Amino acid sequence: MKKLSVRNVLKAINNYLIFFLTVGFAVSCCMMLFLNTFANRVGLEFTAENVGVAAKITFVNVILITILFGTIDYIRRKVMVDRPVKIITEATEEIMNGDFSVRIQPMKGSGMEGFNQIASAVNAMAQELSGMETLRTDFIANVSHEMKTPLAVMQNYGTLLQSPDLSEEQRMEYAKGVTDASRRLAEMMTNILKLNRLENQQIFPQAAEFDLGEQLCECLLQFENVWEKAEIEIDTDIAEEIMICADAELLSLVWNNLFSNAFKFTGSGGMVTVSLTETEQHAVVKVKDTGCGMTSEVGAHIFEKFYQGDTSHSVQGNGLGLALVKRVIDILQGEIAVESAVGVGTSFTVKIPRRV
């Protein structure tokens, strides 16, 4: 610290000497020019004594001028340069240490516009980092919470399977419980990886032309056992030969998740309706069910990760499906809307550009 102070003192002396010599040279030249011009005009002659006295007075004036302006410049730098730099530096250090709540207040005074621009950029960065940190914290908390349930189920059934006096029926039941819980955990991990890749733009659409109606029928038929077991009626109105140019694999994620939700929330004897129409620019798909429906408050959050408005069905999902759907639709430059009423049902409308 002492060595650093001596260096600062030497630097200040060096700067002052340069400033002194510059001012002294400029003042001397101006004085000589003035005196020579004045003497020539009025016919005066300067003696050595007069010149010596004038030189001493000029030297003292130069010293006073340089001290005065040097002091003013030092104060200006402290107020208008060093202080803003210190404020910004301290704020960025706090951000580096993980405090994203730091904000730099606008600096008042002329000449501070440049620092205010830097401060605004730092504030915007801190706000963005704060949002990312909140999402990361929530994501980790939600993943941890979602993993606990299937792991606890697997642990409980695994403990029960160790009982020596189990009947064959009980053994099969407990084994099925372990299998279902492990499958749910695997699906959640798969969805998390897919969502992470989608959000980080690590999946790029591979556009190809295909028949959207055929794809919808193929995806719907995968749930045939589900609707037959639940005695759900299916109503389809799918127009033929509607060709689109998009990524078929990504779109299959959309339909599978929407169909899965429709069957999950539709009770026995209900109905799921799937329709496909077209406009000049879009293919329009509607998936409607007669399930429990949801409130407008729930509907405002359904595309958020891990959000589950109906916790009674949480064992059948992990709240990532609709987040995946929304991200895929955004990547394909499409639109998705939802209409729902409690006790009536829910309808999702997806618009996909004919050419992506």
Side-chain angles (χ1 to χ4, degrees), residues 187 191 194-195 198 210-240 242-244 246-279 282-296 298-304 307-310 313 316-354 356:
E187 288 177 353
N191 284 337
K194 286 180 181 177
L195 189 57
L198 286 169
F210 63 95
D211 190 319
L212 182 57
E214 289 185 3
Q215 185 189 50
L216 286 170
C217 292
E218 291 173 1
C219 291
L220 188 59
L221 286 173
Q222 295 178 19
F223 295 88
E224 185 175 4
N225 291 335
V226 177
W227 80 61
E228 287 183 349
K229 184 178 179 180
E231 298 180 350
I232 296 174
E233 185 179 349
I234 302 298
D235 182 21
T236 60
D237 183 13
I238 299 176
E240 297 180 355
I242 294 183
M243 308 298 293
I244 66 170
D247 190 312
E249 184 177 354
L250 285 179
L251 269 181
S252 66
L253 288 174
V254 174
W255 315 135
N256 288 334
N257 277 288
L258 292 181
F259 294 158
S260 176
N261 273 358
F263 292 124
K264 179 170 69 174
F265 292 103
T266 301
S268 178
M271 176 182 290
V272 171
T273 303
V274 180
S275 67
L276 171 61
T277 57
E278 64 178 331
T279 64
H282 296 88
V284 182
V285 178
K286 289 188 178 182
V287 179
K288 183 179 180 181
D289 64 64
T290 57
C292 57
M294 56 187 167
T295 63
S296 57
V298 172
H301 299 281
I302 58 173
F303 295 114
E304 297 176 7
Y307 184 80
Q308 297 189 49
D310 183 1
H313 291 80
Q316 303 177 39
N318 45 56
L320 289 172
L322 290 178
L324 271 172
V325 167
K326 184 65 168 67
R327 187 61 186 136
V328 169
I329 296 299
D330 289 343
I331 289 176
L332 297 180
Q333 301 175 16
E335 302 174 15
I336 183 168
V338 58
E339 296 178 2
S340 187
V342 177
V344 176
T346 302
S347 175
F348 285 92
T349 302
V350 178
K351 292 183 179 180
I352 303 295
R354 303 291 293 274
V356 177

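Just so you know, residue 1 is the first one in the sequence shown, and it goes up from there. Predicted model only: the values in this text are computed from it and were never measured.
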So, taking the atom named [atom1] in [X] and the one named [atom2] in [Y], what distance separates them when rounded to the nearest 0.5 Å?
{"X": "Glu335", "Y": "Thr349", "atom1": "CD", "atom2": "OG1", "answer": "10.5 Å"}
{"X": "Glu214", "Y": "Leu276", "atom1": "CD", "atom2": "CG", "answer": "11.5 Å"}
{"X": "Lys229", "Y": "Phe263", "atom1": "NZ", "atom2": "CZ", "answer": "14.0 Å"}
{"X": "Thr273", "Y": "Asp289", "atom1": "OG1", "atom2": "CG", "answer": "8.5 Å"}
{"X": "Ser260", "Y": "Trp255", "atom1": "OG", "atom2": "CH2", "answer": "15.0 Å"}
{"X": "His282", "Y": "Ile244", "atom1": "NE2", "atom2": "CD1", "answer": "11.0 Å"}

Closest heavy-atom pair and its distance - [X], [Y]:
{"X": "Gly267", "Y": "Ile232", "result": "O-CG1, 3.9 Å"}
{"X": "Pro353", "Y": "Gly334", "result": "CD-CA, 3.9 Å"}
{"X": "Asn256", "Y": "Cys219", "result": "OD1-CB, 3.6 Å"}

Inset, instruction - Report the residues that fulfil side chain to side chain donor-acceptor pair (under 3.5 Å) with Ser347, sequence neighbours left out, ordered by chain and then residue number. - result: none
Legend entry - Set of residues satisfying side chain to side chain donor-acceptor pair (under 3.5 Å) with respect to Trp227, sequence neighbours excluded: none
Side chains of [X] and [Y] in contact at under 4.5 Å (non-hydrogen atoms):
{"X": "Leu212", "Y": "Val285", "value": "yes"}
{"X": "Leu322", "Y": "Asn261", "value": "yes"}
{"X": "Phe348", "Y": "Lys286", "value": "no"}
{"X": "Val342", "Y": "Met294", "value": "no"}
{"X": "Phe223", "Y": "Asn225", "value": "no"}

Legend entry - Leu216 and Phe259: CA distance, side-chain angles, deciding distance, side-chain contact (heavy atoms from CB on, under 4.5 Å) verdict: CA-CA 10 Å; Leu216 286 170; Phe259 294 158; 4.1 Å; yes
Legend entry - Side-chain donor/acceptor of Ser268 to backbone N/O of Ala230, under 3.5 Å: yes
Inset, instruction - Indicate yes or no for a side-chain donor-acceptor contact from Thr236 to the backbone of Val274 under 3.5 Å, with no hydrogens or angles considered. - result: no
Inset, instruction - Could you go through the side-chain contact (heavy atoms from CB on, under 4.5 Å) check for Ile302 and Val338 one step at a time? - result: CA-CA 9 Å; Ile302 58 173; Val338 58; 3.9 Å; yes
Mark yes when over 12 heavy atoms from residues, nucleotides or ligands other than [X] sit less than 6.0 Å from its [atom1]; otherwise mark no.
{"X": "Glu231", "atom1": "CD", "value": "no"}
{"X": "Gln222", "atom1": "CD", "value": "yes"}
{"X": "Glu240", "atom1": "CD", "value": "no"}

Legend entry - Qualifying residue, where the test is side-chain contact (heavy atoms from CB on, under 4.5 Å) with Val350 and the options are Leu251, Leu258, Val325, Val287: Leu258
Legend entry - salt bridge (Lys or Arg N to Asp or Glu O under 4.0 Å) partners of Asp330, counting only residues at least two apart: Lys326
